[in-house]
Amino acid sequence: ALKAVGFVPFDDEIKKVGLYGDDAWRKLPEKHTPRTPSAVWTPEDLAKLIAFRLDFEDMPDGYEPSLFRLAKEGDATFAVTSEAASTGKKSYKCTDRKGLKKAFYPYIHLAPRKLSKGRITFRFDAMLHKEHPAPFYVEFRGAGSTDDVGPSIRFGKDGKVEANGKTVLAAEPGTWCRLEIAFELGAEAPKEYTLVTEYRGEKQSQRLPFRHQTFSEISWLGISASEDADGVFYLDEVELRVE
């Protein structure tokens, strides 16, 4: 049969498969320990698949990334845009509208299945529209939903940023800021998180308590427009790490 179709074996070519270029690039994989093969994936293996990093540069304007579950109404949505960017040329734009069926529309979220171990780091760049700012919040919730909240960050229309009710930053609408939230999950993990803010060259770090001391797992990570009003905000360099 092989002779009939004229197949020519290419074993030698298969042996050449891999990275090509300078030595530093070709040796890069050696710095990382490969995953140990196993008959089944453990919960720890699966948890790593939740992680992501988005800069939106390779997405067309108007695209709604399927990574997030999106609740929208009409043109009130989250979508890629070239209107603004903290780095590169694109970002993730939220357009809010007055009079929606639910005041917290639109929103995006992830719903991990009982992520209860490891170190979590979530970072993002944010900017309120200069003329039409839309307030929003970023929140981690556990099995108890809104009564079981860990880190909770709220951006006001005036640019003030509150963490668990405490003002931690004042970022003028029309300017970018960067936030990083980091905490641990596990039986012995502290009920608090580290919040790092960067704005106009100034970087600050502080420890804050979870909103509810019952928070021990991530069942929901969401970003939501928080008022019944017209407005816009932008996100960029959005990254979630699970270690």
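Each residue takes its place number in the sequence, starting with 1. For clarity, every value in this text was computed on a predicted model and none was experimentally measured.
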Problem set entry | Any donor-acceptor N or O pair under 3.5 Å, side chains Q206, Q204 | no
For this session: Indicate, with yes or no, if L221 and L185 share a hydrophobic cluster defined by side-chain heavy-atom contacts under 4.5 Å among Ile, Leu, Val, Met, Phe, Trp and Tyr.
Result: yes
Problem set entry | Side-chain donor/acceptor of Y199 to backbone N/O of E172, under 3.5 Å | yes
Exercise. Is L67 linked to I223 within one hydrophobic cluster, defined over Ile, Leu, Val, Met, Phe, Trp and Tyr using a side-chain heavy-atom separation of less than 4.5 Å?
Worked result: yes
Exercise. Does atom CZ of R26 have more than 12 heavy-atom neighbours from other groups under 6.0 Å away?
Worked result: yes
For this session: Go through the side-chain N and O atoms of S86 and E237 and say whether any donor and acceptor fall under 3.5 Å apart.
Result: no
Problem set entry | Donor-acceptor contact present, side-chain S38 to main-chain V40, <3.5 Å | yes
Exercise. Given F183 and F140, is the ring-ring contact (aromatic ring centres under 6.0 Å, His included) satisfied, shown in steps?
Worked result: CA-CA 11 Å; F183 58 95; F140 287 83; 5.1 Å; yes
Problem set entry | Any residue meeting side chain to side chain donor-acceptor pair (under 3.5 Å) with Y105, in chain and number order, not counting sequence neighbours | none
Exercise. Going by heavy atoms in the side chains, are I181 and T121 under 4.5 Å from each other?
Worked result: no
Problem set entry | Single-linkage hydrophobic cluster, 4.5 Å side-chain cutoff, L179 and F122 together | yes
Exercise. Around atom NZ of K191, are there more than 12 heavy atoms of other residues, nucleotides or ligands at under 6.0 Å?
Worked result: yes
Exercise. Going through the distances and angles, do M127 and C177 end up as a side-chain contact (heavy atoms from CB on, under 4.5 Å)?
Worked result: CA-CA 7 Å; M127 181 177 74; C177 64; over 6 Å; no
Seminar exercise, completed: salt bridge (Lys or Arg N to Asp or Glu O under 4.0 Å) filter on D55, not counting sequence neighbours, yields none
For this session: Give the intermediate values and the outcome of side-chain contact (heavy atoms from CB on, under 4.5 Å) for residues Y234 and L128.
Result: CA-CA 6 Å; Y234 303 90; L128 299 179; over 6 Å; no
Exercise. Do other residues, nucleotides or ligands put more than 12 heavy atoms under 6.0 Å from F7 CZ?
Worked result: yes
Problem set entry | Verdict with supporting geometry, R211 and E139, salt bridge (charged side-chain N to carboxylate O under 4.0 Å, His left out) | CA-CA 10 Å; R211 177 180 284 186; E139 200 162 83; 3.7 Å; yes
Exercise. Taking 4.0 angstrom as the limit, do K90 and E57 come out as a salt bridge?
Worked result: no
Exercise. With respect to S226, which candidate in Y107, Y137, F104, F155 satisfies the side-chain contact (heavy atoms from CB on, under 4.5 Å) definition?
Worked result: Y137
Exercise. Does S219 offer a backbone N or O that forms a donor-acceptor pair with the side chain of R141 under 3.5 Å?
Worked result: no
Problem set entry | Side-chain H-bond candidate by donor/acceptor type, N164 with S152, under 3.5 Å | no
For this session: Evaluate the side-chain contact (heavy atoms from CB on, under 4.5 Å) criterion for residues R97 and D75: first the C-alpha distance (whole Å), next the side-chain angles of each, then the deciding distance (0.1 Å), finally the verdict.
Result: CA-CA 8 Å; R97 288 285 181 257; D75 66 344; 3.2 Å; yes
Exercise. Under a 4.5 Å side-chain heavy-atom rule over Ile, Leu, Val, Met, Phe, Trp and Tyr, are I50 and W220 clustered together?
Worked result: no
Exercise. Salt bridge check: are E83 and K93 linked by an N-O gap of less than 4.0 Å?
Worked result: yes
Exercise. Between F52 and F68, is the ring centre distance below 6.0 Å?
Worked result: yes
For this session: Tell me, with the steps shown, if L195 and T197 meet side-chain contact (heavy atoms from CB on, under 4.5 Å).
Result: CA-CA 7 Å; L195 175 65; T197 59; 4.1 Å; yes
For this session: Can you measure from CG (L54) to OH (Y92) and round to the nearest 0.5 angstrom?
Result: 8.5 Å
Exercise. Is it true that a side-chain atom of D148 and a backbone atom of A143 form a donor plus acceptor pair closer than 3.5 Å?
Worked result: yes
For this session: Before accepting this row, confirm whether a basic side-chain N of the pair E217/K117 lies closer than 4.0 Å to the acidic partner's carboxylate O.
Result: no
Problem set entry | D96 vs F233 side-chain heavy atoms within contact, under 4.5 Å | no
For this session: Report the distance from atom CZ of F124 to atom OG of S91, rounding to the nearest 0.5 Å.
Result: 14.0 Å
